[in-house]
Amino acid sequence: MTDESFDHRRLSNRILIAMGLGLAFGIALNLTVADQEWAQAFLIDGVLGVVGEIFIRFLSMLIVPLVFVSLIAGVSSLSDPKKLGRVGGKAIGLYLMTTGIAISLALLAAIIVKPGVGANPAETVEREIAVQPSFAEVLVDMVPRNPVAAMADGDMLPIIIFAILIGLSIALAGKPGERVGGFFSDFNVVVMRLVGFVMLLAPYGVFALIAVLGATTGISTFWGVLKYVILVLSMLILHAVVTYSILLRLFTGLSPRLFYSKMRAVLAFAFSTASSGATIPVTLKTVQQNLGANNRVASFTVPLGATINMDGTAIMQGIAAGFIAQYFAVDLSITQYLMIVLMVIMASIGAAGVPGVGLVLLAGVLASVGLPAEGIALILGVDRLLDMTRTAVNVTGDAMVTVVVADSEGELDHEVFQSN
Ligand code: ASP
């Protein structure tokens with residue numbers, strides 16, 4: 001099979017159809033046999049659960065080798081190491097800026113709409129609540145004590161730092177560097193091919209994941225906190241459609257419509273896996289092969305974004321903080337709002353792109369302004385759907401910033417971006 005046989009548009013359509021069918025099948029189960037023991041054991045936890053889990057494992061399997069190899073290939077091929085600093089500076093600046101806009105929009109919406117007034121707790125499910133690491137910890141943990149351990153644990157920031165250092169050393173090591181660099185750039189092509197294989201499984205995996213969601217989500221869970229759910233979903237869509245389109249147009253002059261039409265597969269992956277991390281392989285392949293960003297920029301900005309950029313998560317956390325304050329009738333001061341902005345941005349940097357982490361880190365945000373962490377119990381039951389949607393927003397932000405940075409560095413192939 002050659003790379004040409006990988007038809008992105010056809011695959012995106014198949015994935016979207018699989019999502020629709022999965023949802024219909026899941027709802028049908030929900031309305032008929034979902035509460036019977038055999039259906040739970042053989043269908044929901046059985047066939048569907050196993051297929052969904054295997055799909056997520058295949059994606060997860062790719063992350064560490066892909067990020068490591070493609071980042072080394074990207075950095076070692078930079079003609080000017082100063083460029084790396086520039087790309088990093090621009091990417092981090094844009095990631096922080098978009099997260100800042102996201103949390104500000106969210107707090108404003110929570111203040112205006114007041115979703116927490118008159119809310120009733122959702123059906124809750126047990127979930128572990130952890131405390132957010134401090135900024136100092138995040139900073140120290142970025143430097144790997146042992147790169148192999150970082151890879152074994154899938155710790156993205158230390159892996160990124162290690163790969164950048166190896167890439168830079170390759171670029172500066174003369175002939176031996178050229179030989180090793182050549183190996184990594186070939187290896188990168190091979191790993192990308194592997195991503196293509198795994199993506200062929202996507203329709204089945206997505207079908208299973210969405211069907212389980214449809215089969216196990218009770219509508220009653222949403223009633224008491226419906227205003228909160230609708231507000232979070234609306235702000236996520238607003239940020240994704242309006243903020244990103246404006247920024248893309250402003251910085252590059254490129255068409256947001258074209259951008260979104262090429263993002264369909266990435267959005268479907270992010271939505272069904274609820275993990276920006278697991279979506280990295282697909283995001284990286286798409287920004288390079290369909291949006292035209294060069295590997296020299298994308299191999300750095302995509303994994304970095306999946307780790308430090310979580311605009312969707314920031315929106316949920318901002319609205320949730322407002323919701324919980326209103327529910328407990330706590331009046332927040334301007335200083336407390338500013339504290340929330342700061343903590344949410346920090347949480348977005350410190351969190352790994354895995355399912356549900358945004359809610360876990362909300363505990364730290366609430367604690368910083370003295371709101372009760374038990375407030376999280378109010379929204380636990382409805383978080384999965386919001387997690388899926390905010391993950392789609394998170395990865396869209398990563399791809400948008402990648403296109404902007406690549407364009408500003410002359411590393412965006414406009415012909416690829418414009419092609420159909
Ligand atoms: N699931 C999200 C992500 O991977 C993080 C979160 O908000 O929980 O991007």
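Counting starts at 1 for both ligands and their atoms, in listed order.
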Does R193 make a cation-pi contact with F197, if we ask for NZ or CZ under 6.0 Å from the ring centre and within 45° of the axis?
-> yes
Return the set of residues passing side chain to side chain donor-acceptor pair (under 3.5 Å) with S276 (not counting sequence neighbours), or none when no residue passes.
-> none
With a 6.0 Å cut-off on ring centres, are Y228 and Y327 close enough?
-> no
Lining ligand 1 at under 4.0 Å, by non-hydrogen atom distance, are residues A274, S275, S276, T313, G353, V354, P355, G356, V357, G358, D387, R390, T391, N394
Is there a salt bridge (charged side-chain N to carboxylate O under 4.0 Å, His left out) between R390 and D383 once you walk through the steps?
-> CA-CA 10 Å; R390 68 185 181 247; D383 196 59; 3.0 Å; yes
Cationic N near anionic O, under 4.0 Å, R296 to E409 | no
Over all atoms of both residues, closest heavy-atom pair of T402 and V297 | O-CG1, 4.2 Å
